[in-house]
Engineer: 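Attaching a single structure in structure tokens format; questions to follow.
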Amino acid sequence: MLRLICFEWEKIWRKRSFFLAACILFAIHGFFLWYTLPSGEGLVPLSAYRSLQRELAGMSEEEKAACLAEWNQTAEGVSFVESVLILQRFENEQTQMLAAQELKNHPGVFEAYYGLYESGEWIRFTDSPEQEKTLIEEVYGELERTRGYGEWIRSVRENGERLGGISIFGGGEENGFSGRNLRRSAADYVRLDEEGICFTPSAGLVRAMESPRTDLFLVLSILFFAGSLTAEEKEKRLFYITRSTGRGVLHCMSAKLTALFLHCVSMTVVFYGGSLVFYGGAAGLPDFGSRLQSLAPYLESPLLISVGGYVFLSLLTKAFVLFGMGALAACCGIRYELTLAPWLFGVSVAGAGAVLYALIPGGTVLAPLKILNPVGLMRTEALYGGYLNLNLFGYPVPRLYLALGMTAVLVGAGVIGSLFLFARMRRLDGRRLRLPFVLPFRPHAGLLRYEAYKILIVEQGLVIWLLSAVLIGWRNLDQSYHPTAGEQYYRELMLGLEGELTAEKEQLILAQQERFEEALCVVEEIERHYEEGEISREAADAMESEARITLYFYPSFQRVQEQYLHCKEQGGSFVYDTGWLYFFGVWDDPSAGNLLIQSIGMILAVSGVFCVEYETGAILLLCCVQTGLRRTAGRKILICLGMGIALAAVAPLCRAIRISSVYPMGSILTDLRNIPYFSGIGFSMPILLAAVLLVLGWMGMAAITSCVTLLLSERGRSRLQTVFLALLLGAAAGLLYSLL
């Protein structure tokens with residue numbers, strides 16, 4: 001039996017198509033792990049969680065609480081300073097009064113945290129105040145929930161003992177569902193207390209274990225395997241031979257199901273193991289020996305298990321659910337002649353489960369349909385990390401018990417159904433899906449259109465191109481920008497100054513300069529009184545508060561002053577340059593990620609352009625025509641260059657749209673040298689022309705990638721070899737560039 005199981009396992013895994021499909025799924029999964037990393041001004045990078053976790057390592061619970069409380073207080077104080085500065089930015093009486101009222105309601109806060117806000121020394125783990133504030137608030141909120149675990153447990157028990165008969169909970173009946181639910185909850189939590197709780201940030205584990213995308217890849221891999229269990233034997237009509245042997249029925253199907261189960265377990269471990277390794281390196285993982293309730297998202301779990309136990313139970317449950325789905329898909333493969341029947345069944349069940357899980361609210365009578373479908377059963381963080389009792393005929397039944405029972409039913413139905421149908425199988429051969437109508441292929445009259453059809457449709461280059469374009473567009477349109485108070489001041493002032501220098505504009509700049517000089521003189525005068533001992537430090541800070549609010553915007557005004565001096569000396573124009581600095585990659589340059597997606601997309605899309613002629617034997621026909629090879633190659637190159645150029649235009653276009661929605665990008669005909677960063681350029685060039693040259697540079701990179709890939713395709717004459725060599729050359733070029 002063991003040899004038969006190994007044979008069934010190897011028979012599928014040794015198929016080149018199946019092995020390649022599994023590798024592609026795992027590679028796409030790894031790509032999405034990297035691609036979906038948080039990035040942007042307001043999103044906390046995962047490395048910040050890892051740094052914070054290292055900072056807290058070795059501290060006692062009291063030290064963690066004191067440290068995070070101090071960081072949170074600092075973040076709130078700095079946030080208060082920023083809010084006051086934003087109010088002060090608007091030079092009208094109402095906002096000035098509101099800012100003064102805020103200062104009055106929070107005495108001493110502005111003075112205490114203004115220095116930290118201005119210097120940025122309070123930022124420890126991230127790159128911006130917005131990210132730091134978000135990180136500290138999130139982790140401190142988790143700490144507060146964890147520290148309140150003991151009190152929460154006691155309240156659950158007290159509710160079960162005292163509130164079961166109160167009308168607001170039980171509808172006036174002690175034996176109603178609400179009363180029974182309270183008593184059941186108290187009984188389920190009776191073994192738990194706060195002993196052993198050790199707070200740890202949960203970001204790494206939560207992202208690794210709660211990934212619908214990983215579940216989707218697992219379902220696809222299981223459907224690949226389940227669809228192959230009987231497909232080959234049916235297509236080759238081998239069942240006419242194997243079923244006539246002594247072990248050709250029960251032992252054969254048992255071995256197939258065992259191989260399917262081993263595949264489910266191994267794929268679950270591989271995919272989620274990869275996620276744990278990735279997020280463990282990026283954000284850090286908690287101690288697997290600590291209690292599960294040490295992680296704030298899983299505080300409601302009624303199970304006395306460790307974090308490692310939770311991971312083990314989650315992966316095992318997912319494997320069994322996938323095995324049940326795979327076994328039922330195998331039933332369809334046995335019952336029907338159509339080789340796509342397992343695929344159609346699996347996709348239909350997964351799609352219906354996703355719709356039910358997304359649309360059905362959790363607190364309605366239809367909640368069992370939401371929870372007890374395959375998609376709901378795969379959400380193991382809710383099964384083992386949460387708590388919910390469903391109302392079945394007035395009695396509370398734990399969701400965990402129902403989910404495990406439904407998983408057992410799913411597995412049992414799949415195994416028994418497969419064995420029964422296989423034993424009684426009458427249709428021993430299979431057929432492929434055929435459309436009820438015929439779509440005859442009509443060669444195009446033009447060679448260019450014909451080659452475009454082959455590359456875009458037959459070789460599926462259009463699908464790869466569209467996927468790459470969507471990924472690039474999503475990456476750039478999803479970028480977050482959060483202007484600070486100083487940037488908002490600079491934007492409003494520069495938008496009013498854009499264009500040639502006039503007397504009115506010069507008067508406005510000089511008035512702003514005089515305002516800052518007066519504030520600076522006030523601060524210097526107060527500091528002199530403090531140094532001479534005439535006033536205390538607290539009094540000096542209070543007297544300086546309004547002047548320091550004004551001086552906060554002075555660095556932004558210095559950018560205005562730099563352009564003013566340029567216009568005064570060289571006769572240029574004012575330009576609001578923040579948007580252009582982002583667009584040209586001076587600030588927050590995303591070109592590396594865009595170039596990676598663009599290059600991989602073009603390599604995959606055009607890698608088989610010349611290979612297909614050799615693989616199909618069409619090269620022999622082309623060689624018979626005097627200009628066949630030359631003209632065909634020319635059309636292929638022209639089409640591939642067009643694909644690359646069009647893909648290269650997606651990133652700058654989407655980036656310009658996203659940036660301009662936050663930072664206006666005007667003055668396109670103004671000289672680029674009016675932007676201080678580019679003032680050293682020795683020749684005149686409109687900003688629009690510089691942007692066009694940047695886009696052309698991206699198009700040139702795409703053209704180079706396409707040409708190199710086409711050359712490798714023509715020389716290597718193998719699509720897989722072309723992809724491998726092109727990716728290897730790209731990696732080598734990237735490594736050399738990073739070393740220069």
Side-chain angles (χ1 to χ4, degrees), residues 1-23 25 218-270 316-350 374 407-433:
M1 186 65 178
L2 181 60
R3 295 177 61 185
L4 188 57
I5 294 173
C6 295
F7 170 76
E8 293 291 344
W9 169 277
E10 293 176 358
K11 180 180 68 176
I12 297 177
W13 270 99
R14 282 183 177 179
K15 290 182 180 179
R16 181 179 299 179
S17 59
F18 180 84
F19 181 77
L20 181 61
C23 292
L25 283 179
L218 282 174
V219 170
L220 292 177
S221 70
I222 301 309
L223 292 182
F224 275 129
F225 197 95
S228 303
L229 283 178
T230 58
E232 184 177 2
E233 286 90 340
K234 280 193 170 186
E235 290 176 354
K236 296 181 179 179
R237 299 186 176 184
L238 296 177
F239 282 135
Y240 288 101
I241 301 174
T242 59
R243 287 175 59 82
S244 62
T245 62
R247 297 186 175 185
V249 180
L250 182 62
H251 287 76
C252 179
M253 196 62 214
S254 298
K256 290 179 181 292
L257 291 175
T258 305
L260 174 62
F261 177 73
L262 293 176
H263 175 78
C264 294
V265 173
S266 59
M267 287 294 97
T268 303
V269 172
V270 167
L316 188 62
T317 302
K318 290 177 184 290
F320 271 106
V321 174
L322 292 169
F323 174 63
M325 290 183 60
L328 290 176
C331 290
C332 295
I334 297 169
R335 175 64 178 80
Y336 300 102
E337 295 179 359
L338 187 63
T339 55
L340 285 179
W343 270 95
L344 296 176
F345 171 81
V347 172
S348 300
V349 170
T407 303
V409 170
L410 192 66
V411 172
V415 172
I416 296 174
S418 298
L419 294 175
F420 177 78
L421 292 174
F422 193 76
R424 299 175 61 86
M425 184 168 62
R426 296 293 180 266
R427 299 175 178 177
L428 304 182
D429 53 1
R431 61 181 177 85
R432 296 182 179 274
L433 179 65

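When a residue number appears, it is its place in the shown sequence, counting from 1.
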Engineer: With C264, which residues qualify under side chain to side chain contact (heavy atoms under 4.5 Å, CB included), at least two apart?
Structural biologist: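 For C264, the residues satisfying side chain to side chain contact (heavy atoms under 4.5 Å, CB included) (neighbours in sequence not counted) are I222, L260, L322, F323.
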
Engineer: Minimum heavy-atom separation for S254 to L419, with atom names?
Structural biologist: OG-CD2, 3.9 Å

Engineer: Looking at V321 and P374, what are the two nearest heavy atoms and their distance?
Structural biologist: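 In terms of heavy atoms, the two residues are closest at CG1-O, 4.0 Å.
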
Engineer: Could you go step by step and tell me if M267 and L25 meet the side-chain contact (heavy atoms from CB on, under 4.5 Å) rule?
Structural biologist: CA-CA 11 Å; M267 287 294 97; L25 283 179; over 6 Å; no

Engineer: Drop me the distance from F420's CZ to M253's CE, to the nearest 0.5 angstrom.
Structural biologist: 14.0 Å

Engineer: Check G346 against M325 and note the closest heavy-atom contact, atom names and distance.
Structural biologist: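 Heavy atoms only, the tightest pair is O-CE, 4.4 Å.
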
Engineer: At what distance, to the nearest 0.5 angstrom, does CZ of F320 lie from OG1 of T268?
Structural biologist: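 The CZ atom of F320 sits 10.5 Å away from the OG1 atom of T268.
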
Engineer: Check C331 against G417 and note the closest heavy-atom contact, atom names and distance.
Structural biologist: SG-C, 3.5 Å

Engineer: How long is the straight-line distance from CG of L218 back to CG of L223, given to the nearest 0.5 Å?
Structural biologist: 11.0 Å

Engineer: Roughly how far apart are W343 CH2 and S348 OG, rounded to 0.5 Å?
Structural biologist: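 The distance works out to 12.0 Å.
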
Engineer: Minimum heavy-atom separation for G326 to A226, with atom names?
Structural biologist: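 Closest approach of G326 to A226: O-CB, 3.5 Å.
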
Engineer: For the CD1 atom on I416, are there more than 12 heavy atoms of other groups (residues, nucleotides or ligands in this structure) within a distance under 6.0 Å?
Structural biologist: no

Engineer: Between H263 (side chain) and S221 (backbone), is there a donor-acceptor pair under 3.5 Å?
Structural biologist: yes

Engineer: To the nearest 0.5 Å, what is the distance between CH2 on W13 and CZ on F225?
Structural biologist: 8.5 Å

